[in-house]
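Bear in mind the structure is a predicted one, so any value in this text is a computation, not a measurement. Throughout, protein chains are lettered first and strands after them, A, B, ... in sequence-line order, and every chain is numbered starting at 1.
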Amino acid sequence: MHLTLNVWRQKNASVKGKLVRYEADDINPDMSFLEMLDVVNWQLIGKGEEPIAFEHDCREGICGSCGMMINGVAHGPRPATATCQLHMRHFKDGDTIYIEPWRSRAFPVLKDLVVDRSAFDRIIQAGGYISVSTGSAPEANSVLVTKQNSDLAMDAAACIGCGACVAACPNGSASLFTSAKISHLALLPQGQPEREGRVIKMVEAMDREGFGNCTMHRECEAVCPKAISVNFIARMNREYLRSLLKGEGLP
Amino acid sequence: MELNPKIPSGPIEQSWDRHRSEMKLVNPANKRKHTIIMVGSGLAGASAAASLAELGYQVLCFCYQDSPRRAHSIAAQGGINAAKNYRNDGDSVYRLFYDTVKGGDFRSREANVYRLAQLSVNIIDQCAAQGVPFAREYSGLLDNRSFGGAQVSRTFYARGQTGQQLLLGAYQALERQIHAGQVKMYPRTEMLDLVIIDHCARGIVARNLLTGKIESYVADAVVLATGGYANVFYLSTNAKNSNATAIWRAYKRGAAFANPCFTQIHPTCIPVSGHYQSKLTLMSESLRNDGRIWVPKQKDDKRPAIQILMPERDYYLERRYPSFGNLVPRDVASRAAKEVCDEGRGVGAHGLGVYLDFAEAIKASGVAVIREKYGNLFEMYERITAENPYEVPMRIYPAVHYTMGGLWVDYNLMSTITGLFVIGEANFSDHGANRLGASALMQGLADGYFILPYTLSDYLATAKLDKAPLDHPAFHESEGQVAGRVKKLLSIKGKRTADSIHQELGKLLWNNCGMVRTKRDLQHALEKIPEIREEFWRNVNVLGVDDEINQALEKAGRVADFLELAEVMCLDALERAESCGCHFREEFQTPDGEAQRDDEHFCHVSAWEYAGEQGKPVMHKELLEFEYVTPSQRSYK
Ligand SMILES: Cc1cc2nc3c(=O)[nH]c(=O)nc-3n(C[C@H](O)[C@H](O)[C@H](O)COP(=O)(O)OP(=O)(O)OC[C@H]3O[C@@H](n4cnc5c(N)ncnc54)[C@H](O)[C@@H]3O)c2cc1C
Ligand code: SF4
Ligand code: FES
């Protein structure tokens, strides 16, 4: 296959970037999208040009490192597929592909396709956990969890923290990511004691980090590599309201 | 160098409890005065960092990813073992201990393994309390499955994402401590050297991967939780960035490297499709429960599988191992696949593959049942290969998966360097010559949650450490060396990418120090490796600058270390003139082609000591004694 790539090149966080055109030859349809970029990078190095920086690690859709806008769509054209799991057979010989980093106020570009997603960690720091210190746990089977809730919690917990939902959202909202963690923990009996405080603190953190509000465009769900459902955003909103009604923190 | 494993005396069942009660404690008021460096935030590192911080220590935690949540542990699929015996099927701490020692082919330390089995039950309690969404039965109780040929159902799992969920549990505990100010997290920071002052590990030198700045960090103890080194083979199932640099730098500062040649090859991975292949994908072992493995009887039979009739197929595992069939252990299944492919009977474009066929299982139990069991795996396979395993058999081939070798540690998880602890896959401790499925997660979490917090406290309570200043000459010296190396890499400006040299090394190792090893092949590799290393330092091309993100530079530094480690792996494999577990020396096999251990001469851990740039590493032995499980010859006939 032969492809024409237009790739966002940006030297570092403080300079402006631009799209640069590359001709990619010898692309095999069985390559993954990232393997295609590897081959392009090898060719660039051969020509004495600096390779394109992009993040990746597991290359099997679970670590959440990879992610780029491919022809304007986060993680590219295939549903429920992370960039590293996308294969070149889904493109045609002669195609032109635009490759850009996540674009969002809360995710500044660091270099080429690499962005800073540390805001996600800070949302988790605000309360995305159950406070159980090592050693204090009761016997595991002493707490029952209905299979239904456990399965639903697992659906939410499957989020890989890639940030595609933010990149796809016209408002740059992190609601899908945040609601997935809030729902996972709120659905489990172990998560009950901190339930009210958690949702308030995490939603506040989300606002503090500069993410936008959710106005239900559902673009996030469409690009999410783990097909996390927007129903969890509705659940987060209910949890938030519930917490306000209960007057969490008031005497 | 003295190897004192510090195994507590007395009956094995009581060793850990007694040891625990005898260890010294740090006065609560003094805990916050102690700083601990934790390199790594995978299952082992994150669980240890969080647990130590909960105790009140100040922890500095490092990882090279942008977030601790992305460590390689996230990719583990199958599950985690624990001797809960919820199924009432005869499991017990003793049985898990026994299975692990036997599975490791009698090359692990009994006392460590016993403790691991004991602690396995606490891990499940801890993780369930953190909200890990383990699979449940309709009753609301935890579900289990049998894994990797075990005769009991002791594996806990969270769909096909057990590693992800366990890691997120530990990550969340870690983030809680970061929020509390007990842990300072340094993501995108790579440790490049270990600093030793007055014979004790007192700090590290690391490079900030965003700014390129080389900085020193000082502490009272250093812990390495940096994972395994399977990527020395270039192609493996590990995450692309997994590497050996941290343990290799520690080795060069005096930490013994134990059993470097013990690498596990996993039989069910998706075969290589081309030279551009960047990594290999594991297909869960559970597939072997229903799939039948075969190759054509004829050599070079290029017909599609469907046209090859039953009598023309060789179900070689069922033929050779009638009682275990397709469920023989990983090493046996891997070697058998290699043999049939070497005979020219492999399938797929490159002839490096065997069929894993579900046609009969689908016929017997229906598509729906198979989809329910393996739907996500089938989908993953189709995504990668564009073949539909409901219609054509899967093609699989073995791939490097895990490294049992690692830095030598004593019972307290301390290396041969005082004050340097090593946990998780980075140490050599519990799996002997072969690791059982679902026990790496167990070991990483046992080390991190339940062992290190005690043994490290004991060290801090008893060590007499002076205050080490950051302007100590040892830090200066090491910073200078690290900076010099970075400069050197950028200045070579040769013709080859670090990847291409890494690929060359990987191929050499795979062919000569992989599934089957011989004296001749290992000697050949030992001649070749220095040549490749020389080629690297003469002809690698690392572009870009050192004061901003430079992934090519990171990569090159890691490849340089792999090029040294590979040599010690081959030396170790050569020196171990026996076959055991994953280490199969062709010269040493039973009349029916099974691994032939030599307990008289090799019932030991081989721990290698660095002897300078020019010297040959020196091997030290830790003799292994088996008081509880009597060594026997494995048989899966
Ligand atoms: C595909 C796959 C499936 C698996 N499935 C299972 C399974 O089902 N059950 C099971 O028990 N085991 C399984 N394993 C094995 C298991 O996942 C690993 O052995 C285990 O997760 C290793 O954990 P760890 O904490 O030791 O290291 P890792 O998770 O590899 O973490 C290493 C950490 O160290 C950091 N690090 C490394 N070097 C440096 C440095 N120089 N400077 C700073 N930071 C550094 C990294 O950033 C990372 O945070 C599987 C492995 C693979 C590859
Ligand atoms: S919700 Fe989906 S898109 Fe958003 S971070 Fe999680 S996995 Fe990525
Ligand atoms: S590289 Fe890990 S999700 Fe893509």
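For A/Ala158, the parts sitting under 4.5 Å from any heavy atom of chain B are the backbone and the side chain alike. Neither the backbone nor the side chain of B/Ser500 comes within less than 4.5 Å of any heavy atom of chain A. Both the backbone and the side chain of A/Ser131 come within less than 4.5 Å of a heavy atom of chain B. Only the side chain of B/Leu168 comes within less than 4.5 Å of a heavy atom in chain A; its backbone stays farther off. A/His184 touches chain B through its side chain: at least one heavy atom from C-beta onward sits under 4.5 Å away, while N, CA, C and O do not. Looking at A/Ser118, there are no atoms closer than 4.5 Å to chain B (heavy atoms on both sides), in backbone or side chain. Using a 4.5 Å cut-off between heavy atoms, B/Arg496 makes no contact with chain A at all. Both the backbone and the side chain of A/Ile160 have a heavy atom closer than 4.5 Å to some heavy atom of chain B. Contacts between A/Gln148 and chain B at a heavy-atom distance below 4.5 Å are absent for every atom of the residue. Contacts of B/Gln77 with chain A are made by side-chain atoms alone, with heavy-atom separations under 4.5 Å and no backbone atom involved. Using a 4.5 Å cut-off between heavy atoms, A/Thr81 contacts chain B through both its backbone and its side chain. For B/Leu210, the part lying near chain A is the side chain, with the backbone staying farther off; criterion is any non-hydrogen pair under 4.5 Å. Contacts between A/Asp112 and chain B at a heavy-atom distance below 4.5 Å are absent for every atom of the residue. Residue contact with chain A, scored on non-hydrogen atoms closer than 4.5 Å, is absent for B/Gln177. Looking at B/Gln130, the atoms closer than 4.5 Å to chain A (heavy atoms on both sides) sit in the backbone and in the side chain alike. With a 4.5 Å cut-off on non-hydrogen atoms, A/Ile45 touches chain B through its backbone and its side chain both. Heavy-atom distances place the backbone of B/Ser139, and not its side chain, under 4.5 Å from chain A. Of the atoms belonging to A/Asp30, heavy atoms from both backbone and side chain fall under 4.5 Å from chain B. Residue A/Arg89 touches chain B through its side chain alone, counting heavy-atom pairs closer than 4.5 Å. If you measure heavy-atom distances from B/Asn241 to chain A, the contacts under 4.5 Å come from both the backbone and the side chain. For A/Ile52, the part sitting under 4.5 Å from any heavy atom of chain B is the backbone (N, CA, C, O) and nothing else. In this structure, the portion of A/His87 lying under 4.5 Å from any heavy atom of chain B is its side chain and not its backbone. Looking at B/Leu280, only its backbone comes within 4.5 Å of chain A, counting heavy atoms on both sides. Using a 4.5 Å cut-off between heavy atoms, B/Lys84 contacts chain A through its side chain alone, with no backbone atom that close. For a residue to count as touching a neighbouring chain, one of its non-hydrogen atoms must lie under 4.5 Å from one of that chain's; by this rule A/Val132 touches chain B with backbone and side chain alike.
B/Glu54 contributes atom CD, which lies 7.5 Å from atom OG of A/Ser136 (distance to the nearest 0.5 angstrom). Rounding to the nearest 0.5 Å gives a distance of 10.5 Å between CD1 of B/Ile124 and CG of A/Asn141. The structure places NZ of B/Lys240 at 10.0 Å from CG of A/Asp57, a figure rounded to the nearest 0.5 Å. Rounding to the nearest 0.5 Å places CG of B/Asn541 at 14.5 Å from CH2 of A/Trp42. Put simply, CG on B/Leu543 and NZ on A/Lys47 are 12.5 Å apart, with the number rounded to the nearest 0.5 Å. Taking SG of A/Cys58 as the reference point, atom CD1 of B/Ile74 lies at 8.5 Å (rounded to 0.5 Å).
The existence of a salt bridge linking B/Glu548 and A/Lys11 is confirmed by a sub-4.0 Å separation between a basic side-chain nitrogen and an acidic carboxylate oxygen. A salt bridge links B/Arg159 to A/Asp155: at least one charged side-chain nitrogen sits closer than 4.0 Å to a carboxylate oxygen. One finds a salt bridge joining B/Lys279 and A/Glu60 here, because a Lys/Arg side-chain nitrogen approaches an Asp/Glu carboxylate oxygen to under 4.0 Å.
Residue B/Pro133 comes nearest to A/Ser150 through the heavy atom pair CB-O, 4.2 Å, listed as atom of the first residue, atom of the second, then distance. The shortest non-hydrogen separation linking A/Gln190 to B/Ala129 is CB-O, 3.7 Å. B/Phe450 and A/Gly135 get closest at one heavy-atom pair: CE2-N, 4.3 Å. Minimum heavy-atom separation, B/Ser51 to A/Thr134: OG-OG1, 2.8 Å. In terms of heavy atoms, A/Ser133 sits closest to B/Arg176 at OG-NH2, 3.5 Å.
Looking at B/Gln172 and A/Lys181, their side chains come closer than 4.5 Å, going by heavy atoms from C-beta outward. Under the 4.5 Å side-chain criterion, counting only non-hydrogen atoms from C-beta, B/Gln551 is not in contact with A/Pro51. Looking at A/Leu144 and B/Leu141, their side chains come closer than 4.5 Å, going by heavy atoms from C-beta outward. Residues B/Ile178 and A/Gln125 have side chains in contact (heavy-atom distance under 4.5 Å, counting atoms from C-beta outward). Using a 4.5 Å cut-off on side-chain heavy atoms (C-beta onward), B/Arg188 and A/Leu110 make contact. Contact check for A/Asp38 versus B/Tyr276: no side-chain heavy atoms found under the 4.5 Å cut-off. When side chains are defined from C-beta on, A/Thr146 does not count as touching B/Arg136, because their heavy atoms never get closer than 4.5 Å.
Of the residues considered (B/His179, B/Arg70, B/Glu175), B/Arg70 shows the highest number of contacts with chain A, using heavy-atom pairs under 4.5 Å. By number of non-hydrogen pairs under 4.5 angstrom with chain B, the leading residue of A/Arg122, A/His90, A/Glu50, A/Arg78 is A/Glu50. Listed options A/Ser32, A/Gly48, A/Gly46 were ranked by heavy-atom pairs under 4.5 angstrom with chain B; first place goes to A/Gly48. The most heavy-atom pairs under 4.5 Å with chain B, out of A/Ile130, A/Asn12, A/Ile62, come from A/Ile62.
Looking only at distances, no side-chain donor or acceptor of A/Lys147 sits under 3.5 Å from a matching main-chain atom of B/Glu137.
A/Arg117 and B/Ser67 share no donor-acceptor pair across their side chains, judged by distance under 3.5 Å alone. Side chain to side chain, B/Tyr171 and A/Asp121 meet the donor-acceptor criterion of an N or O pair below 3.5 Å.
Within 6.0 Å of atom CG in B/Asn376, more than 12 heavy atoms from other residues, nucleotides or ligands are found, so the atom counts as buried in its surroundings. Within 6.0 Å of CZ in A/Phe91 there are more than 12 heavy atoms belonging to other residues, nucleotides or ligands. No more than 12 heavy-atom neighbours from other residues, nucleotides or ligands sit within 6.0 angstrom of CD on B/Glu372.
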Stepwise side chain to side chain contact (heavy atoms under 4.5 Å, CB included) check, A/Met154 with B/Gln161 = CA-CA 10 Å; A/Met154 181 63 220; B/Gln161 292 122 280; 3.5 Å; yes
